[in-house]
Amino acid sequence: LAKTTQPISMDSYEGQEVNITCSHNNIATNDYITWYQQFPSQGPRFIIQGYKTKVTNEVASLFIPADRKSSTLSLPRVSLSDTAVYYCLVGDGVTGGGNKLTFGTGTQLKVEL
Amino acid sequence: EPEVTQTPSHQVTQMGQEVILRCVPISNHLYFYWYRQILGQKVEFLVSFYNNEISEKSEIFDDQFSVERPDGSNFTLKIRSTKLEDSAMYFCASREDRANQPQHFGDGTRLSIL
């Protein structure tokens, strides 16, 4: 499984755009990049997933450069409720079988007024 | 939006007792998982389950643990003889049987062993 590296913590203010970058230098050809959000005492919540270029949904955008060795989760206009831990995961989403997820320590985002 | 539901939300058990944690995965999902998160630590994979059998399990998932899909909707995790170190949040997850689909998690059961 590709190892990921992301900042331990980030601080922001309400209304700002937040970009969290994840490094995954040994990403494999079949690997997808997936981001989860976790609030205290809750399960991880799927945010967005992508393979290359840019993916956008109603809550976030995911930017993946051509070499795919990193990715950036972009949260537009954050609010206090976006304070959470954000996890970047890289894994093979193509084959069947277990597809276990390996979580790191994630990035603790703190949003203030 | 369909979601994974877990019961109970909090379970308190005496050490050495058996405990069963219950999950109802999203209805059209066919892959099921259990993870745990000890307070202040990472989310750790325990086991994956597909087609009525275990696909993969971690070193944590020893002989004290078992999983079962007793009917068409429930997925359970049993710990036979609980230890103090089993205290953690236990999360169930499920995903569709199609390539590149994400896992969706429940909000967990907090297991406290006394």
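It should be emphasised that the depicted structure is a prediction, and the values quoted were computed from it without experimental measurement. Sequence lines set the chain letters: A, B, ... in the order given, protein chains first and strands last, and positions in each chain run from 1.
- With chain B as the partner, the residue from A:Val85, A:Leu89, A:Thr105, A:Thr34 showing the most heavy-atom pairs under 4.5 Å is A:Thr105.
- Proximity to chain A is absent for every atom of B:Phe32, based on heavy atoms less than 4.5 angstrom apart.
- The part of B:Gln37 that comes within reach of chain A is its side chain, from C-beta onward, which places non-hydrogen atoms under 4.5 angstrom from that chain.
- With a threshold of 4.5 angstrom between heavy atoms, A:Tyr87 approaches chain B through side-chain atoms but not through N, CA, C or O.
- Taking the six-membered ring for Trp and the full ring otherwise, B:Phe105 and A:Phe46 have centroids separated by 6.0 Å or more.
- Looking at A:Tyr36, only its side chain comes within 4.5 Å of chain B, counting heavy atoms on both sides.
- The six-membered or imidazole ring of B:Tyr50 lies near that of B:Tyr31, with a centre-to-centre distance under 6.0 Å.
- Interface remark: A:Gln49 contributes side-chain atoms only to the contact with chain B (heavy atom separation under 4.5 Å).
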Please walk me through it: do A:Ser61 and A:Thr56 pass side-chain hydrogen bond (donor to acceptor under 3.5 Å, both in side chains)?
CA-CA 4 Å; A:Ser61 295; A:Thr56 297; 3.1 Å; yes
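- With A:His24 contributing its side chain and A:Val90 its backbone, the two residues share no donor-acceptor pair below 3.5 Å.
- Aromatic ring centroids of B:Tyr33 and B:Phe49 lie 6.0 Å or more apart.
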